[in-house]
Amino acid sequence: MASSKRSKNTPTSAAGCLPDEIVEQILLRLPASSTVRFRAVCRAWAALLSSPSFADAYAAAVERSSRASGLFVLFAPSPASPNAATAVYSCRGGAAAERPLFTIDRLRPGFLVASTKPCNGLVLLTDTRSFAYWVCNPSTGEFRRLPQQRRRRGGLSSAGLAYDDRTKEHRVVHLFCHEEDGESSTTGCEVYTLCKPSRPWRPVSVPRRLVDAATCALVFESAVTKVPPVFANGRLHWQIYPNMDMDDPRGLFPESIAYPYYIVSVLCFSVADETFGLVAGPAVDDMCCGLDDRYPAVPLHLVELQGSLCMVRDLRHHPAHGERLMEIWTLRDYCTSTWSLLHRVAMTPHLASGTRSPRFLTVLGYYLGRDGASSDKKILIATSQHKVHAYDPATGDVETLLIANKEDEEAVAGVRIGLYEDSLARTGGENRRQMEVASALTEILARLPVRCIAQCMLVCKQWHTLIVSESFTTSHLLLNTQQRGKKFVMVTSGRARESFFGFMPMEAWVGHPAAACLDDIVVCSKPCHGLNMISTSTDDYLCNPCTGSVRCLGTRGKFRRNNPQAGNVHPPPADHRRHGFAVASGRNVGLGFDRLTREHVVVEISRLESGVLACMLKASCAEYWNRAGEPPRPVTSMPPAHVDGTLYWMSSEPEDGDRFVVAFDIPARVFSLLPCQPCNGGAGSSSDPFLVELEGALSVFVAHVEEDMLRIWRMLEHGSWVNSYNIFLQDSNKHPGFSLRTGTVVPMEVAGGKDGNKQILLNTGRALGYYDTRTRAIDALYSMDPSSSLLQAAFPMLYEESLVCIQDDEQPDHVAPPVWDEASAGWESEQPSHYIFRWCERSGCHEPAATFAASCCRRALCRGCGDRCRDHGGGEGFHAEIPPGTASSVAGIREHLQLPLEHPSVPGPEYCYYYSMRDEDEDDVGRHVFVALKDLVRGRQPRRLVEFGYRTADGGKVIRETWVRRYRAHDEGNF
């Protein structure tokens, strides 16, 4: 036995006979991913590969070969969850396909900003929505989210990744500016050291003389580049845009430096000393660029080239240059701010197809060519069209190395393509081996019930992080859908737990059905990818009955209500209260799932105030309802059925002609009409047919009231229909609550019964039971008094065991167009005018709005209706005060400012009235100013304002409209 043990510990391969120096040289030439795996070979290799000396030698070897590798790292939406996770890929120049590396959950690609040049192999990722930061190593697959910063919410924020050569540590430097009160702000800095979790963010002082420069750097990054600071020469660098407003700019530069006519400068942070400094930009006479369509979207940006800081000037559309070109300046001396012109890239017609048309260009670094020769040095240029080109400054030739995204959509700002660098640097997060363990643990935990999974979250931090990840949620949903099927609960009032609704097991509800009655009829959808929808006469709510989460979708973007006293000029259909399966307002709402974007979509068909039949759509992560065209036919009051990414409605009964199925393809946002033969051609139906999803297919059931029978037809793939089930309800003595003569009977689900026969779950609103297709008997789960009102009906809901979260509906800050955008620039008398103040948006209330319920009802409310939100908002409800259109406010505008209260271009529901003013220079010009509701709710500064003006004559009569809409980054007014 002893000899056997010795033989296991003795190397038998040829590598065991090689000297340690040769083994180390071999290991230095391996990719980082292989090197990490080889730590498991033996203890000697683990000690060698984990030693600081090997890490330094590996970094030096990578530095010699990285510029010739031609590898790139790509950040794109995850195929499994495009809106909630970011996938990381690697790709070699000229390769046809990308190689997936790993996926980062809860990092939305729509808010992602990534550094294009790795810092000793690590890449910093920023979520511009919440200013959360991730650090990843693409070569080892290790990544982690950094701890929450100490700064306050709101304001401006920027972070960069740096490396300290003395301590061999990576550090994240976070520069921020937040508002203290309505008049002052604080600019600060904090530093976090990786791989040392015991050290929190620690503050670093910003010199008072550089506070304005730091603020300007933050504004420039947020408004223009969307690019994090650049690390070079042991310093982090922020670009400061020319002609930014800085108090006494001459005092910011040393006296030895000639003050430039155009203020182009760079804010520097020394990692070793942790001190700030300022460097003047290149002394040129045409540095100023404007922020309009005549100039590139990003006229200036910084880049590190061979260890030196460089400034890139995009002069393709500069009026002072006759030729289209791009200049690269390099910093020679920090003390004297000496720059020299390194490259001048001429955008000749030969390059027009590659680098002339994009909105902006970004220089990534140098590329030594496919043979690695230093004489063949090329400049890597990434474009907003998701391409990477290699430009040869010696010959002017250009080579397209990479086309990362073949879609037509162009990036707004900031590319998501970077250089790939092999590195053994640690982030303190998970590596590939740990990810394999997490995958195995997912297979085990995903098979547990939700209650057990919730208890498992308390085991340790690793389990908690795994369970709340997007990949685990998706795996859990797929397994439960295949194995456990659907369950049902009763929807009840949520006042007891300060929520909109409650969810009660049927066994508990049967004993006390009246204890949790609702105030309104609700329509519950079938489960759709883990979520359900509850619709009332006024609102729609996304919910997860398994977790108890409920969110109101609100009405923002649905309509513009100019005359709240007018009421509903188009009443709902006459049959809307015939049964408990339609909302009272005549709206017809359905819940679907977009397979391309992986998000839930709510679609509503209703009539506008003008009487036009319209379709409104709201994605779960969208902030507003959007118009999605006009349905080809009016539809019945029955809610639609969702099957495989398409919503189906039954068309209303025409005066002459046949019925059709109105189909809406959610990914394509297109309507179509499908024939419905079971409803036409003398089918003998004496009531409206309904559509429902049964067994994963679209089905239509036709009620024959005289025969007390339901026929269920299923649509096949080629569009034809086949009779799948017949439900006989003639024996009223056996089925007292399920007769078609006394109400509507709706099939909800088909389940497998004993002996292979099917059981169909039937719901009448007052009774629920399983119909046996073989014996024709009904096993009633409960039955209520048929003479009771619809408000006393029961509301069962089918649901899936799911951990799916309701996505946040915040949009990227760089996209903020008004929803109601009139294209007309003039004001003609026939254009309708709109009231500047908002009315309470709760049904039946005609009071002026004074608050916006941001976290619960998501609408403008008067003070009385806002106080009632406490019933379901709880302690987390947050309301933002908005200027109300009270009698005193109206009188002040009319009498004191002599301005009208209407305007033809009042913005949509994403803005609210802020204040009014008379022009200081021209007394006959008055303005109404509106503030972005998102900024007002979040208390964010600066706020985006939109102003609309009038020119008035004596007496306040408007004689000519001269409004100018513009965004302003300051707030001069008050309520």
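Side-chain contact check for D397 and Y391: no donor-acceptor pair (N or O, by modelled atom type) lies under 3.5 Å. No side-chain N or O of R144 forms a donor-acceptor pair with one of T427 less than 3.5 Å apart. For S158 and W238, the side-chain atoms include at least one donor-acceptor pair closer than 3.5 Å. A side-chain N or O of S157 and one of H174 form a donor-acceptor pair less than 3.5 Å apart.
For S337 (side chain) and A280 (main-chain N/O), a donor-acceptor pair under 3.5 Å exists by modelled atom type. N233 places no side-chain N or O within 3.5 Å of a backbone atom of R235 that could act as its donor or acceptor partner. At least one donor-acceptor pair under 3.5 Å links the side chain of R166 to the backbone N or O of A272.
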**H301 and T362: CA distance, side-chain angles, deciding distance, side chain to side chain contact (heavy atoms under 4.5 Å, CB included) verdict** = CA-CA 8 Å; H301 70 272; T362 299; 4.2 Å; yes

**Asked** Given the rule in the side chain to side chain contact (heavy atoms under 4.5 Å, CB included) test, do L124 and Y133 qualify, once you have shown the distances and angles that lead to the verdict?
**Response** CA-CA 7 Å; L124 179 67; Y133 297 98; 4.2 Å; yes

**Message:** One pair to check against side chain to side chain donor-acceptor pair (under 3.5 Å): S423 and S139. What are the steps and the verdict?
**Reply:** CA-CA 6 Å; S423 171; S139 58; 5.5 Å; no

**Item:** Evaluation steps, salt bridge (charged side-chain N to carboxylate O under 4.0 Å, His left out), between E274 and R171
**Value:** CA-CA 11 Å; E274 295 190 348; R171 298 177 186 176; 3.3 Å; yes

**Request:** Check step by step if side chain to side chain contact (heavy atoms under 4.5 Å, CB included) holds for L342 and E327.
**Result:** CA-CA 8 Å; L342 185 63; E327 293 181 347; over 6 Å; no

**Request:** Carefully, step by step, assess D422 and R29 under the rule salt bridge (charged side-chain N to carboxylate O under 4.0 Å, His left out).
**Result:** CA-CA 10 Å; D422 265 320; R29 287 162 171 79; over 6 Å; no

**Request:** Any chance you could lay out the side chain to side chain contact (heavy atoms under 4.5 Å, CB included) test for T330 and W339, step after step, and finish with the verdict?
**Result:** CA-CA 6 Å; T330 182; W339 298 74; 5.7 Å; no

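Between F231 and H170, the ring center distance fails the sub-6.0 Å criterion. Separation of the Y192 and W201 ring centroids falls under the 6.0 Å cut-off. Proximity of the aromatic rings of F72 and Y420 is defined here by a centroid distance below 6.0 angstrom, and this criterion is not met.
Taking all atoms of both residues into account, the shortest heavy-atom contact from P228 to A114 is CD-O, 4.0 Å. The two atoms that bring N137 and L122 nearest to each other are CB-CD2, 3.6 Å, heavy atoms only. Annotation for E599 and A619: closest pair OE2-CB, 3.5 Å, computed over non-hydrogen atoms. Taking each heavy atom of V303 and L364 in turn, the nearest pair found is CG2-O, 4.1 Å. Contact between L194 and L146 at its shortest, heavy atoms only, is CD2-CD2, 3.6 Å. For the residue pair G307 and A232, the shortest heavy atom distance occurs at O-CB, 4.1 Å.
We find the CG-OG distance between L278 and S265 to be 4.5 Å, quoted to the nearest 0.5 Å. In this structure, the separation between NZ on K387 and CD1 on I403 is 5.0 Å, given to the nearest 0.5 Å. Separation of atoms CG (D127) and CG (L107) is listed at 6.0 Å; rounding is to 0.5 Å. To the nearest 0.5 Å, the span separating CZ on R344 from CH2 on W329 amounts to 7.5 Å. Residue R313 holds its CZ atom at 9.0 Å from CE of M311, rounded to the nearest 0.5 Å. To the nearest 0.5 Å, the span separating CZ on F269 from CG on L210 amounts to 12.5 Å.
With contacts defined as side-chain heavy-atom distances shorter than 4.5 Å, the pair E142/F102 does not qualify. Inter-residue side-chain proximity for L125 and F143 is flagged as unmet; no heavy-atom pair is nearer than 4.5 Å. The shortest distance between side-chain heavy atoms of E190 and L175 does not fall below 4.5 Å. The shortest side-chain heavy-atom distance between F75 and I104 does not fall under the 4.5 Å cut-off. Taking the side chain as every heavy atom from C-beta outward, L161 and V123 never approach each other to under 4.5 Å. Side-chain contact between L309 and L302: present, with at least one pair of heavy atoms (C-beta onward) separated by less than 4.5 Å. Between Y366 and L305 the shortest side-chain heavy-atom distance falls below 4.5 Å. The side-chain heavy atoms of H237 and L267, taken from C-beta on, include no pair separated by under 4.5 Å.
Remark: N120 engages no residue in a side-chain hydrogen bond (donor to acceptor under 3.5 Å, both in side chains) (not counting sequence neighbours). The side chain to side chain contact (heavy atoms under 4.5 Å, CB included) check on D273 picks up S270, T275, with sequence neighbours excluded.
Here the rule is side chain to side chain contact (heavy atoms under 4.5 Å, CB included) with H389, and of L380, T400, L402 only T400 fits it.
A salt bridge links K378 with E399: the distance from a Lys NZ or Arg NE/NH1/NH2 to an Asp or Glu carboxylate oxygen falls below 4.0 Å. With respect to R145 and D105, no salt bridge is recorded, no charged nitrogen being found less than 4.0 Å from a carboxylate O.
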